[in-house]
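Beneath this line is the structure, given in structure tokens, with notes to follow.
Only a predicted model underlies this, so the values are computations on that prediction, with no experimental measurement involved.
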Amino acid sequence: MPTTIERLTAFFTSPLLTHEPGSRVFFARDPERAPLTVLERIYAPCGLREDVVCQAPDADPVYVTPDLLVRVEETQRPTRDQLDTAWRDMTRAIREHTRACRWCRRQTTSWKPEQRCVHGLQMLDARRDLIAYRTSVQPWLDGQPIEPRLAYRGQRVTVRQPGKPDVDGTVTTVSFPDDGSFHQHQPGDDGLVFVNLPGRVVPELLPIEHVYPRP
């Protein structure tokens, strides 16, 4: 049985997103994919989530969350099946912890942070990292549009339409047109998705093949 100190200093990051000191990675938002060297793994000031300290040549160290780092060596990157399995395992582990913990079992809404112990909060953050990599980073690496089954409200995306400049936006599932009506649309229904775009009051309903994840 781990001690309280061991539990509070352990990292709950999935092994698929664990980057040990000395490993080579790049920042998922870097179009140049410039290599970084991992220096160490630390907890962020909040004490809940992990930060990875990375060093670029001739630059100061940077602090990056695990979900935004990609291994330089392609053969070391997690596969889609591995990510799906890890997400299921993490979800099961959180549910098991919730049932066993006298604090977390008081949380009536499964994935809300209120009334959870530090251990439970750390596990939730690790699960969010897995979700972020699984839904945004991996399809970004593959150059694929968003997956409807994984898309979620607030997901960062880039809209790429023939003959038009790329535009960044976010996925949504609801629209409130000027006529006062209310429209709801789940991503992928009829091959379309609602996207909030800059300067637009009402989201656009766009073909899913034109909407790409933006880590």
Side-chain angles (χ1 to χ4, degrees), residues 13-19 23-36 38 49-50 52 54 62 64-91 111 124-175 183-200 202-215:
T13 305
S14 167
L16 299 179
L17 303 185
T18 296
H19 307 289
S23 57
R24 302 277 281 169
V25 297
F26 62 85
F27 187 42
R29 294 177 184 168
D30 178 9
E32 303 299 323
R33 303 189 180 188
L36 304 169
V38 174
R49 63 178 302 117
E50 179 185 346
V52 183
C54 299
V62 292
V64 189
T65 54
D67 60 296
L68 288 176
L69 290 175
V70 181
R71 293 166 183 159
V72 170
E73 179 55 57
E74 290 188 34
T75 59
Q76 296 178 358
R77 296 175 193 166
T79 65
R80 179 173 309 212
D81 287 345
Q82 288 175 324
L83 289 166
D84 285 348
T85 299
W87 177 81
R88 287 193 295 269
D89 290 345
M90 181 71 76
T91 300
W111 307 115
L124 285 183
D125 270 317
R127 180 177 179 270
R128 276 192 286 268
D129 282 344
L130 261 179
I131 292 172
Y133 191 99
R134 180 172 170 250
T135 58
S136 294
V137 175
Q138 191 189 47
W140 173 80
L141 286 169
D142 295 339
Q144 297 297 318
I146 61 172
E147 278 195 64
R149 72 182 181 92
L150 300 179
Y152 57 90
R153 191 173 180 181
Q155 182 178 2
R156 293 155 48 98
V157 295
T158 298
V159 177
R160 298 174 182 161
Q161 300 185 84
K164 296 182 180 180
D166 292 355
V167 182
D168 292 338
T170 56
V171 171
T172 187
T173 57
V174 295
S175 174
H183 297 162
Q184 189 164 13
H185 188 95
Q186 293 303 313
D189 286 356
D190 302 320
L192 303 170
V193 60
F194 266 142
V195 179
N196 284 317
L197 298 173
R200 307 282 181 86
V202 179
E204 276 200 44
L205 197 56
L206 298 168
I208 205 93
E209 62 267 22
H210 293 165
V211 182
Y212 291 77
R214 180 168 53 97

Measure the spacing between [atom1] of [X] and [atom2] of [Y] and express it to the nearest 0.5 Å.
X	Y	atom1	atom2	answer
Met90	Leu16	CE	CG	9.5 Å
Glu204	Leu197	CD	CG	5.0 Å
Gln186	Arg149	CD	CZ	15.5 Å
Asp190	Ile208	CG	CD1	11.0 Å
Leu36	Phe26	CG	CZ	9.5 Å
Thr158	Ile146	OG1	CD1	11.0 Å

Got a salt bridge between Glu73 and Arg71, using NZ or NE/NH1/NH2 to carboxylate O under 4.0 Å? no

Hey, are Asp142 and Arg77 close enough for a salt bridge, meaning a charged N less than 4.0 Å from a carboxylate O? no

For [X] versus [Y], what's the shortest heavy-atom pair and its separation?
X	Y	answer
Arg29	Pro215	NE-O, 2.7 Å
Val137	Asp67	CG2-O, 3.2 Å
Pro139	Pro145	CB-O, 4.2 Å
Pro78	Gln138	O-NE2, 3.5 Å
His19	Pro66	NE2-O, 3.8 Å
Val174	Pro203	O-CG, 3.5 Å

Could you give me the CA-CA distance, side-chain angles and deciding distance for Leu141 and Tyr133, then say whether side chain to side chain contact (heavy atoms under 4.5 Å, CB included) is met? CA-CA 10 Å; Leu141 286 169; Tyr133 191 99; 3.8 Å; yes

Within the structure provided, determine whether [X] and [Y] are in side-chain contact (heavy-atom separation under 4.5 Å).
X	Y	answer
Leu17	Glu50	no
Glu147	Arg80	yes
Thr173	Phe194	no

Please identify which of these residues, Asp129, Leu130, Ile131, meets the side-chain contact (heavy atoms from CB on, under 4.5 Å) condition with Arg127. Ile131

Exam field: side chain Gln155 to backbone Thr135, donor-acceptor pair closer than 3.5 Å: yes

For Glu74, is the CD atom crowded, meaning more than 12 foreign heavy atoms sit under 6.0 Å from it? no

Just wondering, more than 12 heavy atoms not from Arg200 lying within 6.0 Å of its CZ? no

How would you list, by chain and number, every residue that makes a salt bridge (charged side-chain N to carboxylate O under 4.0 Å, His left out) with Asp168, sequence neighbours excluded? Arg214

Walk me through it: do Phe27 and Leu68 pass the test side chain to side chain contact (heavy atoms under 4.5 Å, CB included)? CA-CA 6 Å; Phe27 187 42; Leu68 288 176; 3.7 Å; yes

Row check, Trp140 ring normal vs Arg33 NZ/CZ: under 6.0 Å, within 45°: yes

